[in-house]
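See structure below.
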Amino acid sequence: MSELVRVDEWTWEIPASARDDMRVPARIFADEEILAEIAGDLSLDQLQNVATLPGVTGAAIAMPDIHQGYGFPVGGVAATELPDGVVSPGGVGYDINCGVRLLALPISERELGPRREALVHEISRAIPAGAGKHGGVRLSDEHLDAVLRDGPRALPDVRPDDIERTESEGRLDGAEPAAVSERARLRGRDQLGTMGSGNHFVELQEVAEVLDPVAARAFGLAAGQVTVLIHSGSRGLGHQVCTDYVKLMDARLAAYRIHLPDRQLACAPASSPEGRRYLGAMAAAANFAWANRQAIADSVRRAVRTVLGDAVAAGTEQVYDVAHNVAKVEVHGGKRVCVHRKGATRAFPAGSEEIPERYRDVGQPVFIPGSMGTASFVLVGQPGALERSFGTTCHGAGRRLSRTAARRRVHGSELRRELEARGIVVRCPSPKGLAEEAPLAYKDVDRVVRVVERAGLARRVARLVPLGVVKG
DNA sequence: ATGTTC
């Protein structure tokens with residue numbers, strides 16, 4: 001990528017002058033090795049395409065875990081100025097509010113001991129996994145409306161501290177159940193509490209290393225402690241919402257005189273009827289996703305109760321829950337903007353009113369799942385994120401091989417043996433799915449996290465290593 | 001990501 005200009009040690013930029021249609025620069029946080037890894041794919045071309053969107057402001061931004069997506073790259077951030085800038089469903093992605101939730105158990109790995117396998121097994125029994133899996137909570141029309149409008153607080157017996165420790169308290173403003181199609185509702189109505197497939201998982205972990213003792217204490221984490229990381233999204237419901245609105249907006253591009261280099265960037269002014277309707281449907285799907293992770297967390301607590309007893313289940317506290325795929329109205333630099341985060345995590349610094357009071361002095365927790373069998377990180381948002389990336393950091397290790405390429409390199413059965421030889425308990429409905437998620441298919445999460453830390457976007461708090469994994 | 005090619 002010859003037109004890439006180095007801005008500072010961890011920031012690179014393609015100037016807006018590189019193409020006739022770019023309105024702002026395309027900027028990426030990376031090191032040389034990450035740049036070399038993405039040189040062969042289209043992710044930076046996609047980032048330049050994002051820089052052409054009407055109303056885009058600042059820069060089209062990529063995190064070090066960037067990889068190719070549909071239209072927008074995964075690991076991308078784009079802010080459009082309101083009221084007339086566009087909103088683009090592709091800038092959120094098909095899995096609306098895919099995200100992660102971390103639970104902290106009141107026991108150490110040593111105390112868990114040989115009950116590790118039983119716990120992973122109970123978790124896998126409690127949570128339906130795999131593509132198209134039903135078997136979640138079957139919702140009436142009225143209850144589904146309540147979930148779409150209000151998120152997890154519409155579920156029975158939800159702990160208030162779970163709600164408080166969820167981004168946006170699990171409820172995006174402006175949710176409009178009536179903007180969610182009947183087909184989307186049908187796909188979602190029996191999927192609440194199901195994991196899905198692809199890179200979704202529930203992982204049992206141990207805090208291997210505490211890097212920031214003050215923040216770790218605030219988050220309720222200590223060395224040796226057992227945690228559970230839940231990664232899932234809005235399932236078929238969110239997928240259908242994205243499908244519906246990409247199609248709708250694609251048909252209206254000419255009416256709004258919008259010219260795009262890629263039809264998968266289909267968008268409409270955020271203030272238009274189509275834009276407002278999408279934002280209402282997207283918020284509803286996001287609320288569904290938060291309710292889904294709540295239902296999964298409830299299942300995890302039930303598994304904990306079965307294996308470890310009532311006291312351990314009651315002492316299992318939610319650290320936080322973050323969205324990876326969502327668009328939000330925020331104020332940055334005095335402007336009201338619609339921040340699209342696709343495979344990117346909000347990372348607000350200490351003092352932000354958006355952070356639960358108990359974390360406000362340290363900053364917002366962020367969770368970065370590594371690839372299966374490697375480490376994950378707990379980070380905390382830093383002021384540099386507000387200055388440089390609309391309050392955003394990375395969301396994971398980031399793919400470096402396609403699913404097909406990963407399957408050619410390793411067999412699921414072989415990978416499973418390797419993981420179990422390292423003491424990691426594995427439960428997985430599909431060996432093929434396991435191979436697609438092999439560590440060799442992902443970038444090095446330590447390097448990705450180092451870039452966002454050095455760039456001042458987020459600071460490392462703790463490193464988590466897997467004890468067991470339940471794959472979707 | 002996805003009733004994995006409406």
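Order of the sequence lines fixes the chain letters, A, B, ..., with proteins taken first and strands second; residue numbering starts at 1 for each chain.
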Residue from A:V92, A:D244, A:L248 passing side chain to side chain contact (heavy atoms under 4.5 Å, CB included) with A:Y278: A:V92
Under the ring pair (Phe, Tyr, Trp, His ring centres under 6.0 Å) test, residues paired with A:H395 that sit two or more places apart: A:H324
Side-chain H-bond candidate by donor/acceptor type, A:T227 with A:Q205, under 3.5 Å: yes
Distance test, side-chain N/O of A:T243 to OP1/OP2 of B:dT2, below 4.0 Å: no
Distance, rounded to the nearest Å, where A:D244 contributes CG and B:dC6 contributes P: 14 Å
Atom-pair distance (CG on A:D190; P on B:dT2), nearest Å: 14 Å
A:H200 NE2 - B:dT4 C1' separation (whole Å): 14 Å
Nearest-angstrom distance from the residue atom CG of A:L237 to C1' of B:dT2: 12 Å
Length of the CD1-C1' vector between A:I96 and B:dT2, whole Å: 12 Å
Between B:dC6 (C1') and A:L186 (CG): distance, integer Å: 15 Å
Mutual orientation of the aromatic rings belonging to A:Y94 and A:H239 [parallel < 30°, tilted 30-60°, perpendicular > 60°]: tilted
Sugar-phosphate only, base, or nothing, as touched by A:Q191 at under 4.0 Å among non-hydrogen atoms: sugar-phosphate
Touch class at under 4.0 angstrom, heavy-atom based, for A:G93 against every strand present: nothing
Sugar-phosphate only, base, or nothing, as touched by A:G198 at under 4.0 Å among non-hydrogen atoms: sugar-phosphate
For atom NZ of A:K247 and atom P of B:dT2, their distance in whole Å: 21 Å
Sugar-phosphate, base or nothing in reach of A:R183, heavy atoms under 4.0 Å: base
Rounded interatomic separation in angstrom, taking CE from A:M195 and P from B:dT2: 11 Å
